[in-house]
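Please read all numbers here as calculations on a predicted model, not as lab measurements.
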Amino acid sequence: LPGPPTNIAITNIGPRSVNLQFKPGYDGKTSISRWLVEAQVGVVGENEDWLMVHQVSNEPEARSLEVPGLNPYTFYRFRMHQVNIVGNSPSSQPSRKIQTLPAPPDMAPANVTLRTASETSLWLRWMPLPEWEYNGNAEQVGYRVQYYRVGSQGRGLTHIITDRLEREFTIEDLEEWTEYEVRVQAVNGIGMGPWSQPVRGRTRESVPSCGPTNVSAFATTSSSILVRWFEVPEPDRNGLILGYKVMYKEKDSDSAVRFWMVEGNASHSVQLTSLGKYVLYEIQVLAFTRIGDGRPSSPPILERTLDDVPGPPVGILFPEVRTTSVRLIWQSPAQPNGIILAYQITYHLNSTNSNAATVDVLNPSTRQYTVTNLKPESVYVFRITAQTRKGWGDAAEALVVTTEKRARPQPTSRPIVPQKDVESRQVLLSWEPGSDGLSPVRYYTVQLKELPENNWTVHSASVNHEATSYIVSRLKPFTSYQFRVKATNDIGDSEYSEESEAITTLQDAPDEAPTILSVTPHTTTSVLIRWQPPAEEKINGILLGFRIRYRELLYDRLRHYIHTVNSLSSWAELN
């Protein structure tokens, strides 16, 4: 048998190899056929195992060996055997303990997954690098995350994570409803390891961040406007566009904004109908996804409906009446439907045919007219009509008695509200008229008082003079009211009638939905919902309980996008 090598020295220490220099031992009177190198790896000591790490054959004259295939940044101690035809020599004395140099990591983090976290964030998870794969100082090991929009040719952002034990990261400030590609690599003090295979994920849907573009409007008739628009720019859609809403209201009016729904993304125009005549409208368009309404187009565009024949003049009164003359006054139509060009007054005895009427045309600024040479103690019919460029409109008609014995009217009877005519938001009020004082009643005024308050408010000051009943609308459900009525003729107002009995409107469904404050996971099969009830004045009755509706949003698990067919799946309910 040969003797053991001696004088083992270690040189050229690198990350993955070292050189061993040695003095051969006794050869046993035959040539050395093989050199064996054993090592203690990582943990070095008297009782630790020795592993075969390298062997070289057919080099009997060798005095040094390169030992490859070592692990970076790892402690080693070596010993050698020499082999001849008889067998192995005893082990040499162990070398000194050395540590290989550090190197960049050899492997990427494993089990990389990407999940949707919110409309603007994704949740990345991975398996941390095993300690033996650090290839360097553990304190300098971390991870590098790179993410970019799919289709952006890899131009993206990078985030450094310094904790070597970290296994997840939330990528924030992303675009809504956008698919991203993400990869991760390990880094140490020497450099960067290989990238993991890219994974893809899509952020959740949100509402569109801007309105449709190129909104235009064109008046087609006196009560309709054609509105057109282009699509929302693709980066601002933030989801699947399910339709559009056209918002419109009269400019400089306190009226509520109205909406016209256009379902689907195929149509980009709509005809608004039933509009006011010759009215200037503000118009905006918004798109919506399953999450909700996006921002409306801005600024609002303005368009006026075409003109039409006007409505009747209003507020006809006869402040001065003599036995042979009268003076009447009026106000311009509530619906002028255009620019008023003239007024026409027609009058005749109530007992004669209208063919015998006297006609006079007045300029548009006129608001009063005096007639003389009338028959005393007679009833006359006056008709006033206005004109636009589209023609003459409907006439307003009023009676007057040529007498100087006129007086204010007498109060009406006590108004009554039959229980069968009581609804949640309106009631039918009835009364009997009093004496008109030889001056026809021009209109009635209806007041109401909400109990237990003591303040009377005017509901309408323009109830038709021929009416003996009136629908009082815009009432609050489940609320007590009293009503009273007064009549007005050319001389003045009557006293108010006696107050009606107190009535309570019926209950109605709540006007306002509860506000959902939060929905959080509770167990693997349940969620915890917290909400705030509607304001007391919006409940409209006795609150009996709440109904919760919920449905599953179905996703394509491979591509992370919502099936439009299933996004309108049926709702389940809890009472």
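No side-chain heavy atom of Arg304 sits less than 4.5 Å from a side-chain heavy atom of Lys251. Between Val246 and Ile283, some side-chain heavy-atom pair lies under the 4.5 Å cut-off. Between Lys449 and Asn454 there is a side-chain heavy-atom pair separated by less than 4.5 Å. Contact annotation: the side chain of Leu157 approaches that of Tyr147 to within less than 4.5 Å [non-hydrogen atoms, C-beta and beyond]. Side-chain atoms of Thr388 and Asp308, non-hydrogen and from C-beta on, never get closer than 4.5 Å to each other. Looking only at side-chain heavy atoms (C-beta outward), Lys390 and Tyr278 stay at 4.5 Å or farther from each other. The shortest distance between side-chain heavy atoms of Tyr380 and Leu374 falls below 4.5 Å. By the 4.5 Å heavy-atom criterion applied to side chains, Pro440 and Asn489 are not counted as neighbours.
Heavy-atom minimum distance, Tyr443 versus Thr445: CE1-OG1, 3.9 Å. Counting all heavy atoms, side chain and backbone alike, Thr305 lies closest to Ser224 at CG2-N, 4.2 Å. Here the shortest heavy-atom pairing between Pro310 and Ala386 reads CG-O, 3.2 Å. Taking each heavy atom of Tyr180 and Arg149 in turn, the nearest pair found is CE2-CG, 3.5 Å. Between Glu282 and Pro300, the shortest heavy-atom distance links the atoms CB-CB, 4.3 Å. Met261 and Lys245 make their closest contact through CE-CE, 3.8 Å (heavy atoms, listed as atom of the first residue, atom of the second, distance).
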**OP:** Kindly determine whether Arg367 and Ser332 satisfy side chain to side chain contact (heavy atoms under 4.5 Å, CB included), including the steps that lead there.
**Re:** CA-CA 8 Å; Arg367 292 294 183 276; Ser332 58; 3.7 Å; yes
**OP:** Begin with the C-alpha distance, continue with both residues' side-chain angles, and end with the deciding distance and a verdict on side chain to side chain contact (heavy atoms under 4.5 Å, CB included) for Thr273 and Gln271.
**Re:** CA-CA 6 Å; Thr273 58; Gln271 183 100 344; 4.0 Å; yes
Subject >> Verdict with supporting geometry, Asn238 and Glu119, side chain to side chain contact (heavy atoms under 4.5 Å, CB included) >> reply: CA-CA 9 Å; Asn238 303 337; Glu119 293 87 349; over 6 Å; no
**OP:** Step by step, work out the side-chain hydrogen bond (donor to acceptor under 3.5 Å, both in side chains) result for Thr504 and Ser480.
**Re:** CA-CA 4 Å; Thr504 301; Ser480 296; 2.8 Å; yes
**OP:** Output, in order, the C-alpha distance, side-chain angles, deciding distance and verdict of side chain to side chain contact (heavy atoms under 4.5 Å, CB included) for Leu328 and Val400.
**Re:** CA-CA 10 Å; Leu328 71 156; Val400 65; over 6 Å; no
**OP:** Using the side-chain hydrogen bond (donor to acceptor under 3.5 Å, both in side chains) rule, take Ser253 and Ser255 through it: C-alpha gap first, then chi angles, then the decisive distance, then the call.
**Re:** CA-CA 5 Å; Ser253 164; Ser255 60; 2.9 Å; yes
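Within a 6.0 Å radius of CD in Gln335, no more than 12 heavy atoms belonging to other residues, nucleotides or ligands are found. Residue-environment remark: CD (Glu501) stays at or below the threshold of 12 foreign heavy atoms within 6.0 Å. Within 6.0 Å of CD on Glu495 lie no more than 12 heavy atoms contributed by other residues, nucleotides or ligands. The neighbour count for Asn363 CG, taken as heavy atoms of other residues, nucleotides or ligands under 6.0 Å away, is above 12. Applying the 6.0 Å contact sphere to CD of Glu263 captures no more than 12 heavy atoms from other residues, nucleotides or ligands. Residue Leu506 places its CG atom among more than 12 non-hydrogen atoms of other residues, nucleotides or ligands, all under 6.0 Å distant. By the 6.0 Å contact criterion, CZ on Arg383 is open, its count of non-hydrogen atoms from other residues, nucleotides or ligands being 12 or less. For Ile471, the CD1 atom is loosely surrounded, since the number of other residues' heavy atoms within 6.0 Å does not exceed 12.
Shown are Lys476, Arg425, Lys538; of these, the salt bridge (charged side-chain N to carboxylate O under 4.0 Å, His left out) with Asp511 is made only by Arg425.
Note that the CD1 atom of Ile329 and the OG1 atom of Thr370 stand 11.0 Å from one another [nearest 0.5 Å]. One finds the OG atom of Ser469 at 10.0 Å from the CD atom of Glu432 (value rounded to the nearest 0.5 Å). We find the OG-CD distance between Ser121 and Glu176 to be 10.5 Å, quoted to the nearest 0.5 Å. Rounding to the nearest 0.5 Å gives a distance of 10.0 Å between OG of Ser223 and CG of Asn337. If you take OG1 on Thr515 and CH2 on Trp531, they are separated by 12.0 Å, rounding to the nearest 0.5 Å. Going from atom OG of Ser497 over to atom CG of Leu429 covers 8.0 Å, rounded to the nearest 0.5 Å.
Checked by atom type and distance alone, the side chain of Thr385 pairs as donor or acceptor with a backbone atom of Gly393 at under 3.5 Å. No donor-acceptor pair closer than 3.5 Å links the side chain of Ser297 to the backbone N or O of Gly211. Side chain of His459 to backbone of Ser473: a donor-acceptor contact under 3.5 angstrom is found. In this structure a side-chain-to-backbone donor-acceptor pair under 3.5 Å is present from Gln482 to Ser500. In terms of modelled atom types and a separation under 3.5 Å, the side chain of Ser378 and the main chain of Pro376 share a donor-acceptor contact.
For the pair Glu205 and Arg290, the salt-bridge criterion is met [side-chain N within less than 4.0 Å of a carboxylate O].
Aromatic ring centroids of Phe382 and Tyr369 lie 6.0 Å or more apart.
Below 30°, between 30° and 60°, or above 60°: for Trp260 and Tyr248 the angle between ring planes is between 30° and 60°, a tilted geometry. Classified by interplanar angle (parallel below 30°, tilted 30° to 60°, perpendicular above 60°), the ring pair His268/Tyr244 is perpendicular. Below 30°, between 30° and 60°, or above 60°: for Phe483 and Tyr481 the angle between ring planes is below 30°, a parallel geometry.
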For a quick test of your reading: what N or O donor-acceptor pairs under 3.5 Å do the side chains of residues 340-348 make, sequence neighbours left out?
none

